[in-house]
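Below, chain A is the first sequence line, B the second, and so on; all start at residue 1.
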Amino acid sequence: MQDLFSPPADEGQMPWERIAIGHQACVLRGFALRWESDLLGQVQELVQRAPFRHLRTPGGRQMQVAMTNCGDFGWYSDQRGYRYTATDPLSGQPWPPMPPAFAALAAQAAEAADLPPFAPNACLINRYTVGTRLTLHQDEGDARHPIVSVSLGLPAIFLWGGDQRADATQKLPLQHGDVVVWGGVDRMRYHGVMPVKEGASPVAHPLLDGQRINLTFRRAS
DNA sequence: AAGTCTCA
DNA sequence: ACAT
């Protein structure tokens with residue numbers, strides 16, 4: 001078993017690139033590639049304990065993105081509103097614990113983004129099938145800590161907006177292994193995902209067959 | 001408004 | 001623009 005907190009031996013073969021998208025926000029292209037095997041294996045196990053499901057927004061609409069969580073808290077939404085829960089309302093059981101490799105990736109991404117030490121206690125796992133989108137929104141949770149967002153599988157166009165919903169948006173192409181980090185003054189910026197287009201999966205894996213999987217790390221409180 | 005529809 |  002490999003030490004999850006040490007870089008793999010072939011780290012030099014997996015370069016990444018940092019692109020600024022704000023004062024305290026950036027895209028880390030390819031940053032998650034060296035965790036690919038761990039991430040996919042762990043997500044498969046997590047989903048058996050806490051399956052993907054379509055949540056309802058307070059407006060009563062069903063979300064296109066299917067979601068589940070791991071960690072001490074999970075993001076949840078229903079007609080009563082958004083909140084973080086310690087247990088999965090579907091099972092009544094605590095959300096599955098956050099795998100050490102997840103926490104390590106999130107911490108190292110925040111460090112690579114020149115943000116203060118980050119220890120997430122919530123990981124939202126999103127599944128986008130072809131045609132699925134996510135409209136502009138702000139991430140809840142403790143805004144003193146950043147958001148780390150990991151893209152796996154099909155590519156997507158990330159919408160990166162401002163502090164107001166009506167602010168102009170940039171379209172950022174995200175590929176398998178890319179990580180977006182936003183904190184500090186950029187923590188509450190609106191963001192979303194354009195409808196995911198059909199395509200060939202960049203990696204042969206059941207989880208990524210015709211799908212995009214996104215991991216979003218944060219501190220709920 | 002973490003959604004969907006309609007119009008220009 | 002619109003609703004729960």
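- Computed from coordinates, the A/M63 CE to C/dT4 P distance equals 20 Å when rounded to whole Å.
- When the P atom of B/dC5 is taken as reference, atom CZ of A/R133 falls 10 Å away, rounded to whole Å.
- Residue A/Q64 places at least one side-chain N or O closer than 4.0 Å to OP1 or OP2 of B/dT4.
- Of the charged side-chain nitrogens involved, none lies within less than 4.0 Å of a carboxylate oxygen, so that A/D142 and A/R187 do not count as a salt-bridged pair.
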- Message: Let's test your reading of the pairing rules: Watson-Crick or G-U wobble, both distances under 3.5 Å, then write DNA chain B as a dot-bracket string with ( ), [ ], | and dots.
- Response: ..||....
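- Seen from the ring of A/F31, A/R34 counts as a face-on cation partner, given the 6.0 Å and 45° thresholds.
- Residue contacts shown for A/G60 are absent, as no nucleic acid heavy atom lies under 4.0 Å away.
- Within 4.0 Å (heavy atoms only), A/R218 reaches at least one base atom of the nucleic acid.
- In this structure, CD of A/Q79 is placed 14 Å from C1' of B/dA1, rounded to the nearest angstrom.
- Taking atom P in both B/dA8 and B/dT4, one finds a spacing of 23 Å when rounded to whole Å.
- A/M194 places its CE atom 15 Å from the P atom of B/dT4, with the value rounded to the nearest Å.
- Looking at A/S149 and A/N214, their side chains do bring a donor and an acceptor atom within 3.5 Å of each other.
- Relative to the ring axis of A/Y190, A/R165 does not place its NZ or CZ within 45° and under 6.0 Å from the centre.
- Atom OH in A/Y190 sits about 9 Å away from atom C1' in B/dA1, given to the nearest Å.
- Nucleotide B/dT4 holds its P atom 7 Å from the CZ atom of A/R61, rounded to whole Å.
- Backbone-only contact: A/T57 has heavy atoms under 4.0 Å from sugar-phosphate atoms and none from a base.
- With no hydrogens or angles considered, a side-chain donor-acceptor pair links A/Y84 and A/R218 at under 3.5 Å.
- The pair A/R83-A/D78 meets the salt-bridge criterion, with a side-chain N (NZ, NE, NH1 or NH2) lying under 4.0 Å from an Asp/Glu carboxylate O.
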- Task: Given salt bridge (charged side-chain N to carboxylate O under 4.0 Å, His left out), test A/D139 with A/R189 step by step and report yes or no.
- Result: CA-CA 8 Å; A/D139 281 7; A/R189 285 176 69 163; over 6 Å; no
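- The separation between A/L136 atom CG and B/dA1 atom P is 13 Å, rounded to whole Å.
- With rounding to whole Å, A/Q138 atom CD is found 12 Å from B/dA1 atom C1'.
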